[in-house]
Protein chains: 2
Amino acid sequence: MKKQASLNTTTSCSSRITAIKDTMEILSGKWKFHIIGTLLQSDKMRFMDLIREVDGIGAKMLSKELQDLEMNHLVSRTVLNTKPITVEYKITDYGKTLEPIINEIANWGMEYRKLIYKAANQED
Amino acid sequence: MKKQASLNTTTSCSSRITAIKDTMEILSGKWKFHIIGTLLQSDKMRFMDLIREVDGIGAKMLSKELQDLEMNHLVSRTVLNTKPITVEYKITDYGKTLEPIINEIANWGMEYRKLIYKAANQED
DNA sequence: ACCTATAGTTTCCTAAAGGGAACTGGTTTC
DNA sequence: GAAACCAGTTCCCTTTAGGAAACTATAGGT
(Lines give C-alpha, C1' and ligand atoms only; values in the text may rest on other atoms or scores of the structure.)
Protein backbone atom coordinates (compact mmCIF):
# COMPACT_ATOMS: atom_id res chain seq x y z
CA MET A 1 0.00 0.00 0.00
CA LYS A 2 1.26 3.41 -0.94
CA LYS A 3 1.93 5.92 1.77
CA GLN A 4 -0.12 9.08 1.58
CA ALA A 5 0.04 12.63 2.78
CA SER A 6 -1.81 13.28 6.02
CA LEU A 7 -0.62 16.52 7.60
CA ASN A 8 -1.40 19.03 4.92
CA THR A 9 -4.69 17.55 3.79
CA THR A 10 -6.91 18.91 6.56
CA THR A 11 -9.06 21.87 5.51
CA SER A 12 -7.57 24.26 8.04
CA CYS A 13 -4.15 23.41 6.75
CA SER A 14 -4.82 23.70 3.08
CA SER A 15 -6.54 27.06 3.55
CA ARG A 16 -3.47 28.24 5.44
CA ILE A 17 -1.28 27.09 2.57
CA THR A 18 -3.49 28.90 0.09
CA ALA A 19 -3.38 32.04 2.22
CA ILE A 20 0.40 32.02 2.29
CA LYS A 21 0.52 31.45 -1.45
CA ASP A 22 -1.87 34.37 -2.03
CA THR A 23 0.12 36.77 0.11
CA MET A 24 3.43 35.82 -1.39
CA GLU A 25 2.12 36.10 -4.89
CA ILE A 26 0.83 39.60 -4.22
CA LEU A 27 4.21 40.55 -2.76
CA SER A 28 6.27 38.62 -5.30
CA GLY A 29 9.24 40.01 -7.17
CA LYS A 30 12.33 41.90 -6.27
CA TRP A 31 10.75 45.28 -5.62
CA LYS A 32 7.30 45.07 -4.00
CA PHE A 33 8.46 45.22 -0.39
CA HIS A 34 10.83 47.99 -1.27
CA ILE A 35 8.14 50.08 -2.93
CA ILE A 36 5.54 49.49 -0.24
CA GLY A 37 8.07 50.21 2.48
CA THR A 38 8.95 53.50 0.83
CA LEU A 39 5.31 54.50 0.36
CA LEU A 40 4.54 53.58 3.97
CA GLN A 41 7.02 56.21 5.09
CA SER A 42 5.91 59.09 2.99
CA ASP A 43 2.23 58.92 2.12
CA LYS A 44 2.45 60.65 -1.28
CA MET A 45 5.03 60.10 -3.99
CA ARG A 46 5.40 60.70 -7.68
CA PHE A 47 6.83 58.29 -10.21
CA MET A 48 10.18 60.02 -10.41
CA ASP A 49 10.40 60.30 -6.63
CA LEU A 50 10.06 56.53 -6.45
CA ILE A 51 12.71 56.02 -9.11
CA ARG A 52 15.06 58.05 -6.94
CA GLU A 53 14.12 56.46 -3.62
CA VAL A 54 13.91 52.83 -4.63
CA ASP A 55 17.57 52.23 -5.19
CA GLY A 56 18.39 50.52 -8.46
CA ILE A 57 14.92 50.16 -9.91
CA GLY A 58 14.32 51.06 -13.56
CA ALA A 59 11.29 52.73 -15.10
CA LYS A 60 9.96 49.55 -16.63
CA MET A 61 10.05 47.56 -13.44
CA LEU A 62 8.63 50.37 -11.33
CA SER A 63 5.78 50.87 -13.75
CA LYS A 64 4.97 47.18 -13.80
CA GLU A 65 5.18 46.72 -10.04
CA LEU A 66 3.00 49.77 -9.40
CA GLN A 67 0.38 48.39 -11.77
CA ASP A 68 0.39 45.11 -9.87
CA LEU A 69 0.04 46.90 -6.54
CA GLU A 70 -2.73 49.10 -7.88
CA MET A 71 -4.62 46.09 -9.19
CA ASN A 72 -4.49 44.57 -5.73
CA HIS A 73 -5.73 47.82 -4.15
CA LEU A 74 -2.57 48.29 -2.12
CA VAL A 75 -1.60 51.51 -3.87
CA SER A 76 -3.67 54.27 -5.43
CA ARG A 77 -2.72 56.21 -8.54
CA THR A 78 -3.93 59.76 -9.20
CA VAL A 79 -3.12 61.76 -12.31
CA LEU A 80 -2.82 65.46 -11.54
CA ASN A 81 -3.70 68.04 -14.15
CA THR A 82 -0.40 69.88 -13.99
CA LYS A 83 1.70 71.33 -16.81
CA PRO A 84 4.19 68.50 -17.15
CA ILE A 85 1.81 65.73 -16.15
CA THR A 86 2.40 64.40 -12.65
CA VAL A 87 1.07 61.28 -11.00
CA GLU A 88 0.61 60.75 -7.31
CA TYR A 89 1.07 57.32 -5.76
CA LYS A 90 -0.25 56.67 -2.27
CA ILE A 91 -0.50 53.60 -0.14
CA THR A 92 -4.13 52.73 0.55
CA ASP A 93 -5.57 51.96 3.98
CA TYR A 94 -5.66 48.40 2.87
CA GLY A 95 -2.00 48.56 1.89
CA LYS A 96 -1.22 49.83 5.37
CA THR A 97 -2.39 46.51 6.81
CA LEU A 98 0.84 45.04 5.42
CA GLU A 99 2.87 47.02 7.91
CA PRO A 100 2.94 44.28 10.60
CA ILE A 101 4.25 41.76 8.08
CA ILE A 102 6.94 44.11 6.88
CA ASN A 103 7.94 44.89 10.45
CA GLU A 104 8.19 41.22 11.36
CA ILE A 105 10.33 40.56 8.32
CA ALA A 106 12.58 43.53 8.98
CA ASN A 107 13.02 42.59 12.63
CA TRP A 108 13.80 39.00 11.82
CA GLY A 109 16.40 40.12 9.30
CA MET A 110 18.06 42.37 11.85
CA GLU A 111 18.22 39.59 14.43
CA TYR A 112 19.68 37.35 11.74
CA ARG A 113 22.51 39.81 11.14
CA LYS A 114 23.26 39.93 14.85
CA LEU A 115 23.45 36.14 15.08
CA ILE A 116 25.69 35.83 12.04
CA TYR A 117 27.97 38.45 13.50
CA LYS A 118 28.10 36.69 16.87
CA ALA A 119 28.76 33.31 15.26
CA ALA A 120 31.56 34.75 13.14
CA ASN A 121 33.23 36.23 16.21
CA GLN A 122 32.96 33.07 18.27
CA GLU A 123 34.71 31.08 15.56
CA ASP A 124 37.88 33.17 15.92
CA MET B 1 20.34 70.98 -10.06
CA LYS B 2 19.45 67.32 -9.94
CA LYS B 3 16.94 66.04 -7.46
CA GLN B 4 18.15 63.38 -5.09
CA ALA B 5 16.81 60.62 -2.89
CA SER B 6 16.28 61.60 0.72
CA LEU B 7 13.95 59.16 2.43
CA ASN B 8 15.79 55.91 2.04
CA THR B 9 19.28 57.23 2.60
CA THR B 10 19.20 57.48 6.40
CA THR B 11 21.12 54.69 8.16
CA SER B 12 18.10 53.34 10.02
CA CYS B 13 16.29 53.08 6.74
CA SER B 14 18.97 51.41 4.72
CA SER B 15 19.57 48.84 7.45
CA ARG B 16 15.85 48.09 7.42
CA ILE B 17 15.98 47.64 3.67
CA THR B 18 18.97 45.33 4.01
CA ALA B 19 17.16 43.33 6.71
CA ILE B 20 14.13 42.82 4.49
CA LYS B 21 16.37 41.80 1.59
CA ASP B 22 18.18 39.28 3.81
CA THR B 23 15.00 37.69 5.09
CA MET B 24 13.39 37.46 1.69
CA GLU B 25 16.49 35.98 0.16
CA ILE B 26 16.60 33.28 2.83
CA LEU B 27 12.93 32.54 2.23
CA SER B 28 13.09 32.94 -1.55
CA GLY B 29 11.65 30.49 -4.04
CA LYS B 30 8.40 28.75 -4.52
CA TRP B 31 8.74 26.20 -1.72
CA LYS B 32 10.53 27.53 1.37
CA PHE B 33 7.44 28.71 3.23
CA HIS B 34 5.68 25.53 2.36
CA ILE B 35 8.49 23.32 3.65
CA ILE B 36 9.03 25.33 6.82
CA GLY B 37 5.30 25.44 7.48
CA THR B 38 5.11 21.67 7.16
CA LEU B 39 8.12 21.08 9.41
CA LEU B 40 6.74 23.50 11.99
CA GLN B 41 3.72 21.25 12.36
CA SER B 42 5.43 17.95 12.72
CA ASP B 43 8.88 18.28 14.22
CA LYS B 44 10.45 15.26 12.46
CA MET B 45 10.09 14.28 8.83
CA ARG B 46 11.91 12.17 6.30
CA PHE B 47 12.63 13.11 2.70
CA MET B 48 9.84 10.98 1.29
CA ASP B 49 7.38 12.27 3.89
CA LEU B 50 8.10 15.78 2.69
CA ILE B 51 7.67 14.78 -0.95
CA ARG B 52 4.22 13.51 -0.02
CA GLU B 53 3.21 16.45 2.19
CA VAL B 54 4.51 19.35 0.13
CA ASP B 55 2.04 19.14 -2.68
CA GLY B 56 3.60 19.26 -6.13
CA ILE B 57 7.26 19.45 -5.20
CA GLY B 58 9.74 17.21 -6.99
CA ALA B 59 12.80 15.49 -5.57
CA LYS B 60 15.21 17.90 -7.17
CA MET B 61 13.55 21.01 -5.82
CA LEU B 62 13.03 19.56 -2.36
CA SER B 63 16.65 18.50 -2.15
CA LYS B 64 17.87 21.92 -3.19
CA GLU B 65 15.54 23.85 -0.89
CA LEU B 66 16.43 21.67 2.08
CA GLN B 67 20.11 22.30 1.44
CA ASP B 68 19.46 26.05 1.42
CA LEU B 69 17.50 25.85 4.65
CA GLU B 70 20.16 23.71 6.29
CA MET B 71 22.88 26.14 5.27
CA ASN B 72 20.96 28.91 6.97
CA HIS B 73 20.52 26.81 10.13
CA LEU B 74 16.75 26.77 9.85
CA VAL B 75 16.52 23.01 9.37
CA SER B 76 18.70 20.16 10.64
CA ARG B 77 19.50 17.00 8.71
CA THR B 78 20.34 13.73 10.42
CA VAL B 79 21.24 10.54 8.58
CA LEU B 80 20.01 7.47 10.44
CA ASN B 81 21.88 4.22 10.23
CA THR B 82 18.88 2.17 9.12
CA LYS B 83 18.59 -0.62 6.54
CA PRO B 84 17.34 1.45 3.64
CA ILE B 85 19.05 4.67 4.63
CA THR B 86 16.67 7.23 6.14
CA VAL B 87 17.22 10.91 6.78
CA GLU B 88 15.47 12.96 9.41
CA TYR B 89 14.69 16.61 8.82
CA LYS B 90 13.76 18.82 11.76
CA ILE B 91 13.16 22.49 12.16
CA THR B 92 15.75 24.08 14.45
CA ASP B 93 14.98 26.38 17.38
CA TYR B 94 16.22 29.16 15.19
CA GLY B 95 13.89 28.09 12.42
CA LYS B 96 11.02 28.27 14.87
CA THR B 97 11.59 32.01 15.21
CA LEU B 98 10.07 32.30 11.74
CA GLU B 99 6.69 31.25 13.07
CA PRO B 100 5.44 34.82 13.77
CA ILE B 101 6.26 35.86 10.21
CA ILE B 102 4.49 32.87 8.75
CA ASN B 103 1.48 33.47 10.95
CA GLU B 104 1.26 37.12 9.93
CA ILE B 105 1.48 36.17 6.27
CA ALA B 106 -1.13 33.43 6.61
CA ASN B 107 -3.51 35.72 8.50
CA TRP B 108 -3.13 38.51 6.01
CA GLY B 109 -3.85 36.11 3.16
CA MET B 110 -7.01 34.88 4.85
CA GLU B 111 -8.26 38.42 5.42
CA TYR B 112 -7.49 39.13 1.77
CA ARG B 113 -9.73 36.26 0.66
CA LYS B 114 -12.54 37.57 2.83
CA LEU B 115 -12.27 41.05 1.36
CA ILE B 116 -12.18 39.79 -2.21
CA TYR B 117 -15.23 37.69 -1.51
CA LYS B 118 -17.08 40.63 0.03
CA ALA B 119 -16.17 42.95 -2.84
CA ALA B 120 -17.32 40.38 -5.40
CA ASN B 121 -20.69 40.03 -3.67
CA GLN B 122 -21.26 43.77 -3.36
CA GLU B 123 -20.75 44.20 -7.08
CA ASP B 124 -23.75 42.01 -7.89
C1' DA C 1 17.95 75.74 -30.34
C1' DC C 2 18.88 72.68 -26.59
C1' DC C 3 18.58 70.63 -22.07
C1' DT C 4 15.80 69.14 -18.42
C1' DA C 5 11.78 67.38 -16.42
C1' DT C 6 7.27 64.82 -16.39
C1' DA C 7 5.39 59.39 -16.88
C1' DG C 8 5.65 55.98 -18.95
C1' DT C 9 5.99 52.08 -23.14
C1' DT C 10 8.47 49.14 -26.37
C1' DT C 11 12.01 46.21 -27.90
C1' DC C 12 15.55 43.19 -27.13
C1' DC C 13 18.39 40.60 -24.38
C1' DT C 14 20.38 37.68 -20.32
C1' DA C 15 20.06 35.35 -16.02
C1' DA C 16 17.70 32.74 -12.86
C1' DA C 17 14.15 29.69 -11.47
C1' DG C 18 11.72 25.67 -12.01
C1' DG C 19 10.61 20.99 -13.49
C1' DG C 20 10.48 16.16 -15.81
C1' DA C 21 12.81 11.92 -16.40
C1' DA C 22 16.33 9.01 -15.98
C1' DC C 23 19.92 7.34 -13.08
C1' DT C 24 22.85 5.82 -8.69
C1' DG C 25 23.36 2.39 -5.20
C1' DG C 26 22.10 0.07 -1.42
C1' DT C 27 18.32 -3.05 0.95
C1' DT C 28 14.37 -5.58 1.56
C1' DT C 29 10.40 -8.05 0.04
C1' DC C 30 7.87 -11.22 -3.11
C1' DG D 1 15.80 -12.62 -10.00
C1' DA D 2 12.50 -8.90 -10.31
C1' DA D 3 10.30 -5.11 -8.15
C1' DA D 4 9.99 -1.55 -4.78
C1' DC D 5 11.64 1.77 -1.30
C1' DC D 6 14.98 5.11 0.36
C1' DA D 7 17.52 9.63 -0.62
C1' DG D 8 19.08 11.85 -3.52
C1' DT D 9 21.89 13.63 -8.23
C1' DT D 10 22.40 14.72 -13.13
C1' DC D 11 20.96 16.23 -17.54
C1' DC D 12 18.23 18.79 -20.34
C1' DC D 13 14.71 21.74 -21.25
C1' DT D 14 11.06 25.65 -20.75
C1' DT D 15 9.34 29.52 -18.46
C1' DT D 16 9.68 33.61 -15.92
C1' DA D 17 11.94 37.53 -14.08
C1' DG D 18 14.65 41.30 -14.64
C1' DG D 19 17.13 45.02 -16.87
C1' DA D 20 19.31 48.47 -20.34
C1' DA D 21 18.41 51.63 -23.94
C1' DA D 22 15.69 53.94 -26.96
C1' DC D 23 11.44 56.18 -27.74
C1' DT D 24 6.53 58.53 -26.97
C1' DA D 25 4.77 63.52 -26.16
C1' DT D 26 4.46 67.92 -23.64
C1' DA D 27 6.36 71.99 -21.36
C1' DG D 28 9.53 75.12 -18.79
C1' DG D 29 14.04 77.11 -18.40
C1' DT D 30 18.59 79.53 -20.28
Side-chain angles (χ1 to χ4, degrees), chain A residues 1-6 17 20-21 24-36 38-39 42 44-72 75-90, chain B residues 1-6 17 20-21 24-36 38-39 42 44-72 75-90:
Chain A
M1 193 172 111
K2 266 198 186 173
K3 285 193 186 179
Q4 292 196 338
S6 57
I17 291 166
I20 292 172
K21 243 183 254 169
M24 294 318 294
E25 203 183 306
I26 289 167
L27 299 176
S28 68
K30 200 176 166 183
W31 301 108
K32 300 255 166 57
F33 279 99
H34 216 330
I35 293 168
I36 293 169
T38 303
L39 285 172
S42 69
K44 273 180 202 182
M45 294 196 89
R46 284 177 307 155
F47 190 82
M48 278 296 145
D49 292 336
L50 283 166
I51 290 266
R52 278 183 287 266
E53 291 295 338
V54 180
D55 192 41
I57 201 169
K60 193 193 81 172
M61 274 298 121
L62 180 57
S63 171
K64 191 219 143 211
E65 298 291 69
L66 284 170
Q67 278 172 31
D68 288 357
L69 294 172
E70 200 195 344
M71 253 195 300
N72 287 314
V75 162
S76 71
R77 179 178 180 276
T78 318
V79 180
L80 301 179
N81 202 7
T82 49
K83 326 86 183 252
I85 189 174
T86 52
V87 179
E88 224 174 64
Y89 290 97
K90 289 182 68 173
Chain B
M1 195 171 112
K2 267 196 184 173
K3 285 194 185 178
Q4 292 196 338
S6 57
I17 291 167
I20 292 172
K21 243 183 252 168
M24 294 318 295
E25 203 183 307
I26 289 167
L27 299 175
S28 69
K30 199 176 167 183
W31 302 107
K32 299 254 169 59
F33 279 99
H34 216 328
I35 294 168
I36 293 169
T38 303
L39 286 172
S42 70
K44 273 179 205 183
M45 294 195 88
R46 284 175 308 155
F47 190 83
M48 278 297 147
D49 293 335
L50 283 165
I51 290 267
R52 278 184 287 267
E53 291 294 340
V54 180
D55 191 41
I57 202 168
K60 196 195 78 172
M61 275 297 122
L62 180 56
S63 171
K64 191 220 145 210
E65 299 291 70
L66 285 170
Q67 279 171 31
D68 287 356
L69 294 171
E70 201 195 344
M71 252 195 302
N72 287 312
V75 161
S76 70
R77 179 178 179 276
T78 319
V79 180
L80 301 179
N81 203 5
T82 49
K83 327 85 185 254
I85 190 174
T86 51
V87 178
E88 225 173 64
Y89 289 96
K90 290 182 68 173

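The sequence lines fix the lettering, A, B, ..., with proteins before strands; numbering per chain opens at 1.
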>> Strictly under 4.0 angstrom, non-hydrogen atoms only: write out the protein contact profile of nucleotides 8-22 of chain D, one letter per nucleotide from the 5' end, B, S or -.
In response: BBBB------BBB--
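- Contacts of A:Lys64 classified as salt bridge (Lys or Arg N to Asp or Glu O under 4.0 Å), with partners at least two apart in sequence or in another chain: A:Asp68.
- Applying the side-chain contact (heavy atoms from CB on, under 4.5 Å) criterion to B:Glu70, with sequence neighbours excluded, gives B:Arg77.
- Contact annotation: the side chain of B:Lys90 never approaches that of B:Thr78 to less than 4.5 Å [non-hydrogen atoms, C-beta and beyond].
- Residue A:Arg52 places at least one side-chain N or O closer than 4.0 Å to OP1 or OP2 of C:dT6.
- The separation between B:Leu62 atom CG and C:dA21 atom P is 18 Å, rounded to whole Å.
- In this structure, CG of A:Asn81 is placed 17 Å from P of C:dT6, rounded to the nearest angstrom.
- Across the protein-nucleic acid pair, B:Ile51 atom CD1 and C:dG20 atom P stand 11 Å apart, rounded to whole Å.
- Atom CD of B:Glu25 is separated from atom P of C:dA16 by 12 Å (rounded to the nearest Å).
- When the side-chain contact (heavy atoms from CB on, under 4.5 Å) test is applied to A:Val75, the partners found at least two apart in sequence or on another chain are A:Leu39, A:Leu66, A:Leu69, A:Tyr89.
- B:Leu80 has its CG atom 16 Å from the C1' atom of D:dC5, to the nearest Å.
- With sequence neighbours left out, B:Thr82 forms a side-chain hydrogen bond (donor to acceptor under 3.5 Å, both in side chains) with B:Thr86.
- Listed by chain and number, the residues in a side-chain contact (heavy atoms from CB on, under 4.5 Å) with A:Met61 are A:Trp31, A:Ile57 (sequence neighbours excluded).
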